[in-house]
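Just follow the structure's listing: the first ligand is 1, and inside any ligand the first atom is 1. Reckoned from all heavy atoms, side chains included, excluding hydrogens, waters and symmetry mates.
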Amino acid sequence: MTTSSSPASSSSLTAVRVELGPRSYDVLVGPGAGSELADMLPSSARQAFVVTQAGIGVATGLETRLRTTIVELPAGERTKSLATVEGLCRQFAEVGLTRHDVVVAVGGGVVTDVTGFAASCWHRGTGVIHVATTLLAQIDAAIGGKTGVNLPEGKNLVGSFWQPLGVICDTDMLATLPPAEWRSGRGELAKYAFLGVEDLDALDLVEQVARCVACKARIVSSDETEGSSRMILNYGHTLAHALEAAGFAGEPDAPGHLAASDGPVPLRHGEAVAIGLVFAARLARDLGRIDADRVRRHEELVARYELPGLLPSDADPERLVQLMTRDKKSQGDLTFVLDGPGGVEVVRGVPHEPVLAVLEGLRD
Ligand SMILES: NC(=O)c1ccc[n+]([C@@H]2O[C@H](COP(=O)([O-])OP(=O)(O)OC[C@H]3O[C@@H](n4cnc5c(N)ncnc54)[C@H](O)[C@@H]3O)[C@@H](O)[C@H]2O)c1
Ligand SMILES: [Zn+2]
């Protein structure tokens, strides 16, 4: 067993090991990585249950090897629901899926989150392989074993840690990704630039994905269930989650969200993260943790990735502070992941005033 989470090249593919003892697995990165899927199947599997979405158009070819059922979920964050999990589990029952079989999620973070959660519950845990088809899923969502669904009360409130058997990040599969989804993925890419992945801009896409995967693998290996150090993966996310909870995020076509004709186009997750990164950098500066130059690097990267760095014009700073107090990391106070002389770390007990001041300064 390989013991490192640094990328190891084999042919044109890079295998990144997520080292978690008996739950360790490989993330295969590169063009054509999808052809390795069959090799990840557990030998016990007699059938595969593939979950995907209509617009993705990725065929696994598994049906030539074993009995395969393919289902398509609707697009959009609303698909991450307990109702979807129930629907999937009932279909697992219909085809007689057992815990020796395998579930395969082919899609972005919505598909991998909800399918991973269904697999984690099915017969108290059935193996799942993620074939990540968005930039965001390849560098983030599909790796690390966090699965879950939303409730009307909030995002990702019900979930489990369920590590996949393996992850495929086939960069060829990104060819059909719409521009808005590229932009969203770049929000997470920008996050990694401040978590120690250096010179991202000098790398080609395959290298960028491989380096981010290696960074996430390293962090997850050291703190699988987010007791402490894994929280740094939430860099930029405290404000992003508050913006999402305040209704600024979503899909343009989702009812109940801001429609394009009523005002601004809703923010995609990565766009909210980009605003969160600029916010976190300015807050860190105001708390004396980093200098102006480091803040400029945040702002420049976000701008270069064509991401927003300012709050939507109708955002209410007081409301955002309120929502950030309810963040999952928080213990009733204001807790942020902030850059500093020793790198990005969790900072608790931040007073309200500087937070409000930075938010005021970020208004469009
Ligand atoms: N589990 C984790 O650690 C983790 C981390 C980050 C984000 N997430 C979750 O990920 C979700 C967001 O994921 P996302 O940004 O991938 O969005 P998404 O899964 O909604 O995908 C975006 C859209 O792109 C389409 N699509 C996917 N692949 C495509 C392809 N190759 N070509 C054309 N269209 C394609 C999808 O059908 C969808 O309509 C959120 O729910 C978030 O909470 C989870
Ligand atoms: Zn994120």
Using 30° and 60° as the class boundaries, would you call the ring planes of H298 and F194 parallel, tilted or perpendicular?
parallel

Nearest to [atom] by heavy atom, [options]: which?
atom: atom 9 (C) of ligand 1; options: D113, T133, V273, L135; answer: D113
atom: atom 27 (C) of ligand 1; options: N150, L73, T134; answer: T134
atom: atom 31 (N) of ligand 1; options: E181, Q53, M173; answer: M173

Quick check: [X] and ligand 1, any N/O pair under 3.5 Å apart?
X: R230; result: no
X: E77; result: yes
X: K146; result: yes
X: D140; result: no
X: L174; result: no
X: S184; result: no
X: T176; result: yes
X: G109; result: yes
X: V110; result: yes

With ring centroids as reference points, do H269 and H237 lie under 6.0 angstrom apart?
yes

Taking only residues at least two apart or on different chains, which pairs with a member in residues 84-96 satisfy side chain to side chain donor-acceptor pair (under 3.5 Å)?
S81-T84

Partners of L165 by side chain to side chain contact (heavy atoms under 4.5 Å, CB included), sequence neighbours excluded?
P42, V102, I129

Look up atom CD in Q163 and atom OG1 in T147, then write down how far apart they are to the nearest 0.5 Å.
10.0 Å

Between CG of L277 and CG of L307, what distance do you get to the nearest 0.5 Å?
9.0 Å

Closer than 4.0 Å to some heavy atom of [X] - which atoms of ligand 1 meet that?
X: G108; value: 16 (O), 19 (O)
X: A75; value: 39 (O)
X: K216; value: 3 (O)

Location of contacts on [X] toward ligand 1, heavy atoms closer than 4.0 Å:
X: N156; value: side chain
X: H241; value: neither
X: T147; value: neither
X: L136; value: side chain

Sub-3.5 Å donor-acceptor pair from the side chain of [X] to the main-chain atoms of [Y], do we have one?
X: R348; Y: T335; answer: no
X: E271; Y: R268; answer: yes
X: D101; Y: Q47; answer: yes
X: D26; Y: L28; answer: no
X: T171; Y: V206; answer: no

Hey, quick one: are L136 and V149 part of the same hydrophobic cluster, counting side-chain heavy atoms closer than 4.5 Å, chains of contacts allowed?
no

In this structure, would I290 and V346 fall into the same cluster of hydrophobic residues linked by side-chain contacts under 4.5 Å?
no

May I have the step-by-step check of salt bridge (Lys or Arg N to Asp or Glu O under 4.0 Å) for K191 and E188, ending in yes or no?
CA-CA 5 Å; K191 168 185 87 177; E188 301 287 357; 3.0 Å; yes

Could you pull out all residues at least two apart from R282 that satisfy side chain to side chain donor-acceptor pair (under 3.5 Å)?
E299

Below 2.8 Å, which protein N, O or S atoms neighbour the Zn ion (ligand 2), ignoring water?
E188 OE2, H237 NE2, H269 NE2

